[in-house]
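Comments concern the structure below.
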Amino acid sequence: MSNGEVAPNNTIYINNLNEKIKLDELKKTLKSIFQQFGNILEVLAFKTLKHKGQAWVVFEDVSSATNVLRQMQGFPLYDKPMKLQYAKTKSDVIAKADGTFVPREKRKKHDERADRKRREQHQDASQSMGLNAPYSGPYGAAVPLPYLGGVKPVPEAPAPPNKILFFENLPHETTPGQLQIVLSHYHGFKEVRMIDAKPGIAFVEFGDEMQSTVAMQALQGFKMTPQAQNQVLITYAKK
DNA sequence: AGCACA
């Protein structure tokens, strides 16, 4: 019964996100990981203390959200397994498309007389939570992959943009040739290097950081084969 | 833990 289940919704509510990641990056990353499930209308995240570590991903179709929920539950992102639920309420973009959107200011028009005296007596408790940027790594620490039982590798320092990308979580049987086929579609692709002693990872070089960034965002979370379990994680290589 | 509409 009251186990926290929520009715299907276009929007996925995510929590247990790594709060150290800057919102811009977080939103981009979520988008690139989830876009494979369907068209995303919006990704929202806020920095207020009440909303840290949370995000909303709005899909055009409920079925996309449902697939995300089934397939990506617990997916480790920036070192933390994501917790996914349907959002409790309809997102504004959806309501606007519906024609059911009610602007927020007018929404409390229920008891027009009951609360008329309640003018904003907020304490203005200026929570100085403005610009704390704990660190500025763009893509966050590499995610330790198979996410088995709790033992984590050392937290890696976040790497700044780099024309070389670091791929993890590849199926171990992946060959450089297979990867090259995928990568050759991206502008500026130069070469892929794999290490026999370390299956599942690869270094991929592009002409510059712009090109590597485009490829990273396009390929983030992809699967080498349809039946592959693991979704590939891509970060900038450490310099 | 925490469900918004920057």
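Each chain gets a letter, A, B and so on, in the order the sequences are listed, and its residues count up from 1.
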(message) Side chain of A/E19 only, heavy atoms from C-beta on: which candidate in B/dG2, B/dC3, B/dA6 is closest?
(response) B/dG2
(request) Hey, which sits more toward the 5' end of DNA chain B by its nearest nucleotide, A/Y13 or A/A45? (result) A/Y13
(message) Could you tell me how far apart A/L23 (CG) and B/dA4 (P) are, to the nearest whole angstrom?
(response) 16 Å
(message) With a 4.0 Å cutoff (strictly under), does any side-chain N or O of A/K50 reach OP1 or OP2 of B/dC3?
(response) no
(request) Check the pair A/E209, A/K163 against salt bridge (charged side-chain N to carboxylate O under 4.0 Å, His left out), reporting the backbone distance first and the verdict last. (result) CA-CA 4 Å; A/E209 290 173 5; A/K163 64 182 180 178; over 6 Å; no
(message) Rounded to whole Å, how long is the line connecting atom CD of A/Q85 with atom C1' of B/dA4?
(response) 14 Å
(message) Assigning hydrophobic clusters by single linkage (Ile, Leu, Val, Met, Phe, Trp, Tyr; side-chain heavy-atom cutoff under 4.5 Å), is A/V62 placed with A/W56?
(response) no
(message) Whole angstroms only, please: what is the NZ-P distance between A/K47 and B/dC3?
(response) 20 Å
(request) Calculate the interatomic distance between A/L17 atom CG and B/dA4 atom C1'; express it in whole Å. (result) 14 Å
(request) Rounded off to whole Å, could you give me the CZ-to-P distance for the A/F101 and B/dA4 pair? (result) 14 Å
(request) Answer with base, sugar-phosphate or nothing: what part of the nucleic acid does A/K90 contact at a heavy-atom distance below 4.0 Å? (result) base
(message) Applying side-chain hydrogen bond (donor to acceptor under 3.5 Å, both in side chains) as the test, list every pair that has at least one member in residues 198-208 of chain A; sequence neighbours left out.
(response) A/R193-A/E205
(message) How many whole angstroms separate atom CD1 of A/I12 from atom C1' of B/dC3?
(response) 13 Å
(message) I need the CH2-P distance between A/W56 and B/dA6, as an integer number of Å.
(response) 12 Å
(message) Rounded to whole Å, how long is the line connecting atom CD1 of A/I40 with atom C1' of B/dC5?
(response) 16 Å
(request) Taking ring-ring contact (aromatic ring centres under 6.0 Å, His included) as the test, write out the residues that go with A/F203, two or more places apart. (result) A/F166
(request) On DNA chain B, check which nucleotide each of A/N16 and A/E42 is closest to and give me the residue with the more 5' one. (result) A/N16
(request) For the side chain of A/K52, starting at C-beta, report the closest nucleotide among B/dC3, B/dG2, B/dA4. (result) B/dG2
